[in-house]
Participant: 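This structure is in structure tokens; I'll ask about it shortly.
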Protein chains: 2
Amino acid sequence: MNIGNRIGYQVLSNDEHRFQTFNPRLNSLNKGFIYAASEAEIELALELAELSFHEYNHISGCEKSKFFIEIVRLIECHETELFDLYCSESGLEKERAIVELTRTKNQILNFAKLIGTDEWRYCSTEMADLNRTPTKPKLVKGLFPLGPVVVFGASNFPFAYSTIGGDSISALAAGCPVIVKSHPFHAQTGDLMAKIVLEAASNSGMPEGIFSNLNSDDYSLAEKLVLDSRIKAIGFTGSINGGKAIMNLAQKRQVPIPVFAEMGSSNPVIVFPSIFEISVGKWVSNLALSITNSGGQFCTKPGLIFILNNEKSEDFIQQLKSEVLSKDFQCLLHPSILRSYEKQLAERGTIITTFEKKGEKLANFANPAIGICNSDVFLENEILADEVFGPFSLIVKCDSLLELIDCINFLKGQLTGTILSDLTEEVVSSNLLEQLRSKVGRMIFNGVPTGVEVVQSMQHGGPFPSSSDGQSTAVGLDAIKRFVRPLCFQNYPEELLPDFLK
Amino acid sequence: MNIGNRIGYQVLSNDEHRFQTFNPRLNSLNKGFIYAASEAEIELALELAELSFHEYNHISGCEKSKFFIEIVRLIECHETELFDLYCSESGLEKERAIVELTRTKNQILNFAKLIGTDEWRYCSTEMADLNRTPTKPKLVKGLFPLGPVVVFGASNFPFAYSTIGGDSISALAAGCPVIVKSHPFHAQTGDLMAKIVLEAASNSGMPEGIFSNLNSDDYSLAEKLVLDSRIKAIGFTGSINGGKAIMNLAQKRQVPIPVFAEMGSSNPVIVFPSIFEISVGKWVSNLALSITNSGGQFCTKPGLIFILNNEKSEDFIQQLKSEVLSKDFQCLLHPSILRSYEKQLAERGTIITTFEKKGEKLANFANPAIGICNSDVFLENEILADEVFGPFSLIVKCDSLLELIDCINFLKGQLTGTILSDLTEEVVSSNLLEQLRSKVGRMIFNGVPTGVEVVQSMQHGGPFPSSSDGQSTAVGLDAIKRFVRPLCFQNYPEELLPDFLK
């Protein structure tokens, strides 16, 4: 099976360059070639996206909403194939694929519901005052789509943050055509999902060009798309280096555009002493699972665990270490991810004590691991605060609250910050909530950071570098706000106002 | 009278470098020296801003609101001095000073009202569901201030966009300490206003450091402030080059920060043929006033007027030209502004026909002027679309709607776009509303773009380069959103939640 580029309603595969995806569990290339997008194909996708913008804009929210529901219907017709491709290209387990697809469908349906009416686009009105000198005009404000958006698929979420994941569906909901730069790790999953989206678009009478899916296994496609003047915003989920490169490109343009990049996070967890007294078992078990689940490849994996030393803390640490090391070896997304994980572990091994699960394991499987260090070592080695993508977490031991607060102040921006405590008073008296708050987008109390609820109140976006723009969220209905801007209409005759502002 | 730097509750003037402001009407330097901020003074302002953030954050909205009302009370005690300084440093007339100060006070009072309760900071709640597997946590979302903000005073709005103008008051309302980089043209006005703000802060028990006012007549202060890691956002009103330089600095930082820059705009006006039939006099008069008022130094001055040629259009053009040229010579803000205006006029004179008011005039006064060209010349000379800061507007004659639409598509991003028509049908059938909409932040029908209502529905921010971020507004209550970010609290005990989220 050969995979082309889905450009509007066409499938094109004219480039000489093609590549294959990899099955990390079988340690072999998947069958079928993926054709990289040619220059002409990229140009066509951009042209169609721009051309379709106007027409798509004029399609009612209700019609768009039917299109979204049709996507979900068609996803449900192809679930078996989707799961097969997903598992073969990511090494993730089917159980995880099911959860992620359910979430993806829910995201689509949530936005379908939101845009069923145009209410979300209306901001406010001020009536005219003709008695004032000078007369006060009537003003009406509403939200309008920015224009074509490029979405970068994420390696670790082939469904929920890729082809028709949160970025794409919120951009489409906003009224923006989307060009997906499919992630090369799961290009076949992406292609099938794109086929589904385009079939739904066609069934629902959507204009050609509102959605395209382009393939590439190098950086040239990303660069071309971000620099193109027809593109008005970027959605990205990936590494800090990747995100920063895209931010820089977007800023270099003659007309800079917003980049909504979700990058890296170590998701600090602070364990208060009361836990060592009351609920050791529960949190050892919850944390170990959260660290290793899906190979520790979640953006919200708890990667730093701060412990306030006392006579019982060492026991907690040893139990957590044992629990993590008792987990299965974890199949990672790709050999390159494993290499990077092992390199990061080795780097840490030269600075601190690390413990890895021992034993025979298959190719592309990672050792669950734990690092342990004192806060002074942590504070002297910036690298220790960085995200390790894989089933590893670093335990940082602090002798005092002051040391702990120093550690928090040392952190860069994070998606989440977690407090574990069985005694609210010790948290109140610690005075560290505000420090932690200043570093994160979501504060969690007695929970684990993995498991991101897709609801209005979710904030998935923290200070840089966890996000490029911590004022926005990548999850929940507010994600749509990233792709619109307000427009004010002054003294406008009713018949000239867009329908939803009448 | 010597003017120092107001850093928290101190006034410091340790730098060797000092400068004077200029009275363009008298064509002479104003008395008194302004001391540039020294390195140590800049550092102190930054340190105090950072230190005060925590405490300011814990002051209730109600207390902050009293502080704002106290600012207005004290402004009213110093109006005469404020008007005198304003006029002597800007060359603007007292009438304008009065209108601008009223607006400034209204802005402050509007935000005082908004933050009187913390309601504006609350976003949403999702209740827990303990019956779900896994259990669903309670989520609450609210808005939190970014941290210390630097505000750049604007040359053309010594009150409303400077010391305690829209950027400063919305940042303070958001809970962010503010460091103002005072505009060197009106440093004495800025100093008095800063003194008022600080007296109000002191009277209201606000922590030292939430407001500082620094002086400089070169670029080094701006660079130091924007690059400092304690600064979390920038508010800027000024030229495109100035704004771009600040955007680039902010992006170069280890932790990039948002820059809310309002830069340049030519504010296209499209005159439909029905106007030539029905209301020539009214629009000739309104436009000429809007072009020349306050020396044409408004960011929303109509700088481009597109005319659909017919047998009556030439008459309209001649009348508008005559009306503009019949206006008084206009005192500009500063000799450098006049030089730049005359340079821009001369550049245009080599490409198109320009008409300037003739006669004897005082130093620093500008000739009201009109340029006229055909759309083909306009489309061949990018410079013609750029903002001319001063009492000039360019009339672009189009032979057809297609030509007119080409001209609109040729435009960069604008704050406003205006339609003048006595016949809605000709506008509907023209099909150009959407093109114009894509270029602007505010659409005006039968009005002039100058005169920005300070209300919720105002959108003062358009696509780049009129604004750095057309998704935000610099005017109206929504301006506060630029300086906050959402934070989600998951499974939080009531007693740990910030009060306004309980």
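Labels below follow one simple rule: chain letters A, B, ... track the order of the sequence lines, proteins then strands, and each chain is numbered from 1.
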Participant: Can you give me the closest heavy-atom contact between A:Gln490 and B:Val448, atom names plus distance?
Facilitator: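 Distance-wise, the nearest heavy atoms are NE2-O, 4.3 Å.
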Participant: Distance check, rounded to the nearest 0.5 Å: A:Ser274 atom OG versus A:Leu423 atom CG?
Facilitator: 5.5 Å
Participant: Against chain B, label A:Val440 side chain, backbone, both or neither, depending on which of its atoms sit under 4.5 Å from a heavy atom there.
Facilitator: both
Participant: Taking every heavy-atom pair that is under 4.5 Å apart, which of A:Gln251, A:Lys412, A:Met458 has the most such pairs with chain B?
Facilitator: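 It is A:Gln251.
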Participant: Could you tell me which portion of B:Glu126 (side chain, backbone, both or neither) has an atom closer than 4.5 angstrom to a non-hydrogen atom of chain A?
Facilitator: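 Both parts, backbone and side chain.
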Participant: What part of A:Leu146 is in contact with chain B, defined as an atom under 4.5 angstrom from a non-hydrogen atom: side chain, backbone, both or neither?
Facilitator: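 Just its side chain gets close to chain B.
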Participant: Closer than 4.0 angstrom, basic N to acidic O: yes or no for A:Lys138 and A:Glu494?
Facilitator: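 Yes, this pair counts.
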Participant: Would you name the heavy atoms of B:Thr135 and B:Leu130 that are closest together and state the gap between them?
Facilitator: CG2-O, 3.3 Å
Participant: Side chain from CB out, backbone as N, CA, C, O: work out which of these in A:Phe483 comes under 4.5 Å of a heavy atom of chain B, or both, or neither.
Facilitator: backbone
Participant: Is the B:Phe489 ring parallel, tilted or perpendicular to the B:Tyr492 ring (thresholds 30°, 60°)?
Facilitator: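 Rings of B:Phe489 and B:Tyr492: perpendicular, over 60°.
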Participant: Mind ranking A:Met247, A:Arg482, A:Lys252, A:Glu453 by heavy-atom pairs under 4.5 Å with chain B and telling me who comes out on top?
Facilitator: A:Glu453
Participant: Of all of B:Val255, B:Val455, B:Thr125, which one pairs up most often with chain A through heavy atoms under 4.5 Å apart?
Facilitator: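 Answer, by heavy-atom pair count under 4.5 Å with chain A: B:Val455.
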Participant: With a 4.0 Å cut-off on N to O distance, would you call B:Asp478 and A:Lys141 a salt bridge?
Facilitator: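 Salt bridge between B:Asp478 and A:Lys141, a charged N being under 4.0 Å from a carboxylate O: yes.
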Participant: Please look at B:Pro465 and chain A and tell me whether the side chain, the backbone, both or neither of the residue comes under 4.5 angstrom of a heavy atom of that chain.
Facilitator: neither
Participant: Can you tell me which portion of A:Gln456 sits under 4.5 Å from chain B's heavy atoms? Options are side chain, backbone, both or neither.
Facilitator: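 For A:Gln456, backbone and side chain are both near chain B.
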Participant: Is it true that the side chains of B:Thr416 and B:Asn267 contain a donor and an acceptor less than 3.5 Å apart?
Facilitator: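 Per modelled atom types, B:Thr416 and B:Asn267 side chains form a pair under 3.5 Å.
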Participant: Report the option among B:Gly447, B:Pro145, B:Ser457, B:Pro463 that has the most heavy-atom pairs separated by less than 4.5 Å from atoms of chain A.
Facilitator: B:Ser457
Participant: Does B:Glu95 have more than 12 heavy atoms from other residues, nucleotides or ligands lying within 6.0 Å of its CD?
Facilitator: no
Participant: Distance under 6.0 Å and angle within 45° of the ring axis: does A:Arg485 meet both against A:Phe144?
Facilitator: no
Participant: Under a 4.5 Å heavy-atom cutoff, which of A:Asn446, A:Asn248, A:Leu143, A:Asn491 has the most pairs with chain B?
Facilitator: A:Asn491
Participant: Need one label for A:Arg253: side chain, backbone, both or neither, based on atoms under 4.5 Å from any heavy atom in chain B.
Facilitator: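 A:Arg253 has no heavy atom closer than 4.5 Å to chain B.
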Participant: Report the C-alpha distance between B:Leu432 and B:Phe272 in whole Å, list the side-chain angles of each, state the deciding distance to 0.1 Å, and finish with yes or no for side chain to side chain contact (heavy atoms under 4.5 Å, CB included).
Facilitator: CA-CA 11 Å; B:Leu432 58 68; B:Phe272 275 86; 4.0 Å; yes
Participant: When rounded to the nearest 0.5 angstrom, what distance separates CG in A:Leu420 from CD1 in A:Ile270?
Facilitator: 9.0 Å
Participant: Between B:Val484, B:Ile419, B:Asp469, B:Ile257, which residue shows the highest count of heavy-atom pairs closer than 4.5 Å to chain A?
Facilitator: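 Option with the greatest count: B:Val484.
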Participant: Pick from A:Ser438, A:Gly147, A:Pro493: which one has the most heavy-atom pairs with chain B under 4.5 Å?
Facilitator: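 Answer, by heavy-atom pair count under 4.5 Å with chain B: A:Pro493.
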Participant: Non-hydrogen atoms of chain B under 4.5 Å away: do they reach the side chain of A:Lys136, the backbone, both or neither?
Facilitator: both
Participant: Let me know if A:His460 has heavy atoms under 4.5 Å from chain B in its side chain, its backbone, both or neither.
Facilitator: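 Nothing of A:His460, per the 4.5 Å heavy-atom cut-off to chain B.
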Participant: Which bit of A:Leu433 is near chain B, if near means a heavy-atom gap under 4.5 Å: side chain, backbone, both or neither?
Facilitator: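 For A:Leu433, the contact with chain B is made by the side chain alone.
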